[in-house]
Amino acid sequence: MDIEKILQQMTLEEKADFCSGSDFWHTQPVERLGVPAVMMSDGPSGLRKQDKQGDHLGINKSIPAVCFPSSAAVASSFDTALAEKLGKTLGNECRAENLALLLGPGLNIKRSPLCGRNFEYFSEDPYLSGEMGAALVNGIQSNGVGSCIKHFAANDQETDRMASDSVMDERTLHEVYLPAFETVVKKAKPLGVMAAYNKLNGTHCSENKELLTDILRNRWGYEGMVVTDWGAVKDRAKGIAAGQDLEMPGGSDRGTNSILSAIHAGTLSEEDLNAAVRNLLRFVDSTSRTENTSAVFDRDADYRMAVSVAENSAVLLKNEKGVLPLAKGCKAVFLGEFAEHPRYQGGGSSHVNSAKVSCALEHAPGVAYAQGYRTDEDTVDPALEQAAVAAAADADAEVAVIFAGLPERYESEGYDRTTLAMPENQNHLIAAVAAVQPNTVVVLHNGSAIEMPWVNDVPAVLELYLAGDGAGEAAVDLLYGTVNPSGKLAETFPRKLSDTPAYLSFPGERETSVYSEGVFVGYRYYDTKEADVLFPFGHGLSYTTFAYSDLQLSRSTVHEGEDVQVTVTVKNTGAVVGKETVQLYVTPPKGERHRPVRELKGFAKVSLQPGESKEVQFTLDKRSLAYYEPELHDFYAESGTYQICVGASSRDLRLTGLLEWQAAQPLPVHFTAASTLKQIMTHPVGAAIIGPILQRMAAAAGDATGKKDDDDSSLSMMMGIQIVTLVDFHVLTEKQLNDILNQINQA
Ligand code: BGC
């Protein structure tokens, strides 16, 4: 397409109209100029292509497709190569189905485990979310179709999701809620970004110029198109001016009329409209070239891929007495409705019409089964429970495997959870079975963290998350050791809801959610607070063991602008092949700002034969050490000693190295008459001038109160005085004060 030529030939009305879709899933064609309509579909864990009546809530049927594990599970694989492979498969499906854009992945941060859509998001950690997201998007787009990252930004709750205002400071936004988007934009160039429903600091994301233009395009260099979340438009013309290109769904004239009247009234420039049309034409051009290709949606092959992703994502949370893996042919009983009908996907717009779903029972022939509980109610059904307990207590039964978790009604797009508890009937069943069967294993199907009141009573827990169509097959392969579990938690499992960092402010009140915990989200909070947790971030066991050795930094003193390579050797010290995710955390020096005690800045998954060792390498740069400094409106890494810790979880650090970082510039501070003596003393010139004055004042005060020479309390008290007060105390003249300020501000 000759985009500029088409743009020139389009009438104002055509341009305004082009910026809204034609229906639920298609862009508007401009037939007379040869611009086709292209189709999009949810996303992200499989296609929800609606050939017939469209909706954005997953209500009407879509084509039979393959449901892959949800992003919460995929993130637990800590495997970017796997995410890319999954993306390739999804992208190929899009091509085969003539879809131009897959609406996903979701990159929002798990601020609270209660968010109803956490299953669709990767992690509580922005670094992990960004790396996994970039790999997935690169995979999808390698097919010539687009991926649309969502929901930009700070859409971290479902309560009042269309109206709620996410209120946070600049540092929190840039350090926690934006970096995953930034990484994917920079590393994978997604063709689409979806602006979220909610407001950010008072302005709807779909009208937020700071977000859509200043940050996304100007700061990060984004060149794709921006689409509204479905129905997120409030003031269409304002949205165009802010950097919003496409309104979805289309089909009404409201958006077009709003744009036209704003242009006629002079409140929207035609240049702004042209910019949106240009972005959209580029998008249609690049994706429509892939239509009518020979790609085939091979549902059987893609189902196998779904099984493999599930197997690489499951997290073995606990395994005592070697109860797992189960010996083939052992007398096991499977309990719980999920053994027969697994919960394998989340509710809402990501809901896939699965062509085939596997259940654990069909993959474990000959295993005894009892339902134990019903998923459509929470109360104990005594007959069902007793039958399950009896089966577990049977003299022949060597092990009981309970399939449990959250029923679909517990978590979904559109609403948040109110509790971390599992249904009472399931908790009760697990406790009752554990009381009669010491070898009780719990297999979990849930989209987000849960409480486990029975955790000390069972020797093994395997977390599958919402594992997609292959959930049952993967569960059996993992339980029997055909596959060795290798997932790690991409979120902390707290002991109870009131331990969570956003407990006091989530989901806010009167449609306002104040992010008062700031940057202390997930393990950044628990680890800094040294709080007890059920399972920490990054935790996950294996049927083998790993040893870490030989941590080395390519240089110990690093100047700004230089990179540093970190290498470590990991060895499989057990008897079976297995995969380990080596995690690298950075602990900053104590400095100007409060910072989390550690942050993930690298991870690598390696497969090792028994006895085999491999060296793993990470590259760290300024950003790996930096925090967002609001006074600079940018990331900044202070000079000092950083600890580089490598280990198997955020609470299982095996090796530590030290890195001396030298910033190019100290943090610029502007001193004023209102600066405290404590602040002035941080400056070498300030300290040289004020230090002796302070000593004299402290000595005089000490004499007056009869304090001992080594009592620094007078000095500490004086540090809080503003320097201007020294003029009032006749210690400095006004001229001296100004001279000092001039000197230290220039020095
Ligand atoms: C969701 C989006 C989804 C869209 C289209 C919205 O309700 O928030 O994630 O892509 O609907 O179904």
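Start at 1 and go down the list; that is how both ligands and their atoms are numbered. The basis for the numbers below is simple: all heavy atoms, side chains too, and nothing from hydrogens, waters or symmetry mates.
Looking at Glu158 against ligand 1, nothing comes within 4.0 Å, counting heavy atoms. Residue contacts with ligand 1, taken as heavy atom pairs separated by less than 4.0 Å, do not involve Gln50 at all. By the criterion of a heavy-atom distance under 4.0 Å, neither the backbone nor the side chain of Met248 is placed next to ligand 1.
Ring geometry for His174 against Tyr628 counts as parallel: the plane angle stays under 30°, on a 0 to 90° scale with 60° as the upper cut. Relative ring orientation between Tyr465 and Phe493 is described as perpendicular, the plane-to-plane angle rising above 60° on a 0-90° scale split at 30° and 60°. Using cut-offs of 30° and 60° on the angle between ring planes, the pair Phe338 and His445 is tilted.
Heavy-atom proximity to His151, at under 4.0 Å, picks out these atoms of ligand 1: 2 (C), 8 (O), 9 (O). Atoms of ligand 1 found under 4.0 Å from any heavy atom of Lys150 (numbered from 1 in listed order, with element): 2 (C), 3 (C), 9 (O), 10 (O). When each atom of ligand 1 is checked for a heavy atom of Leu103 under 4.0 Å away, the hits are 10 (O). Ligand-side atoms of ligand 1 in range of Met194: 10 (O), range being under 4.0 angstrom from any heavy atom. Contact atoms of ligand 1 toward Tyr197: 6 (C), 7 (O), 8 (O) (distance under 4.0 Å to a heavy atom of the residue). Short contacts between ligand 1 and Arg48, defined as distances under 4.0 Å to a heavy atom of the residue, involve ligand atoms 12 (O). Near Glu413, meaning under 4.0 Å from one of its heavy atoms, ligand 1 places the atoms 1 (C), 6 (C), 7 (O), 8 (O).
In terms of protein heavy-atom proximity, atom 5 (C) of ligand 1 is nearest to Asp42 OD2, 3.3 Å. The shortest contact between atom 11 (O) of ligand 1 and any protein heavy atom is with His56 CB, 3.4 Å. Of the protein's non-hydrogen atoms, Asp229 OD1, 3.5 Å is the one closest to atom 4 (C) of ligand 1.
A salt bridge is absent between Arg409 and Asp376: the closest approach of a Lys/Arg side-chain nitrogen to an acidic carboxylate oxygen does not fall below 4.0 angstrom. A salt bridge does not link Lys199 with Asp165: every distance from a Lys NZ or Arg NE/NH1/NH2 to an Asp or Glu carboxylate oxygen is 4.0 Å or more. The pair Arg217-Asp245 meets the salt-bridge criterion, with a side-chain N (NZ, NE, NH1 or NH2) lying under 4.0 Å from an Asp/Glu carboxylate O.
A cation-pi geometry, defined here as NZ or CZ lying under 6.0 Å from the six-membered ring centre and within 45° of its normal, does not hold between Arg417 and Tyr410. For the pair Lys488 and Phe78, the cation-pi test (distance below 6.0 Å, angle within 45°) is failed. With a 6.0 Å cutoff to the six-membered ring centre and a 45° limit on the axis angle, Arg299 counts as a cation-pi contact of Phe297.
Tested against Asp42 for a side chain to side chain contact (heavy atoms under 4.5 Å, CB included), the candidates His351, Gln50, Lys150, Lys49 yield a single pass: Lys150.
In terms of polar-atom proximity, Trp25 is not counted as a contact of ligand 1, lacking any N or O under 3.5 Å from an N or O of the ligand. Looking at ligand 1, you won't find any N or O of Glu120 less than 3.5 Å from one of its N or O atoms. Polar contact with ligand 1: absent for Trp230 (N/O pair, distance under 3.5 Å).
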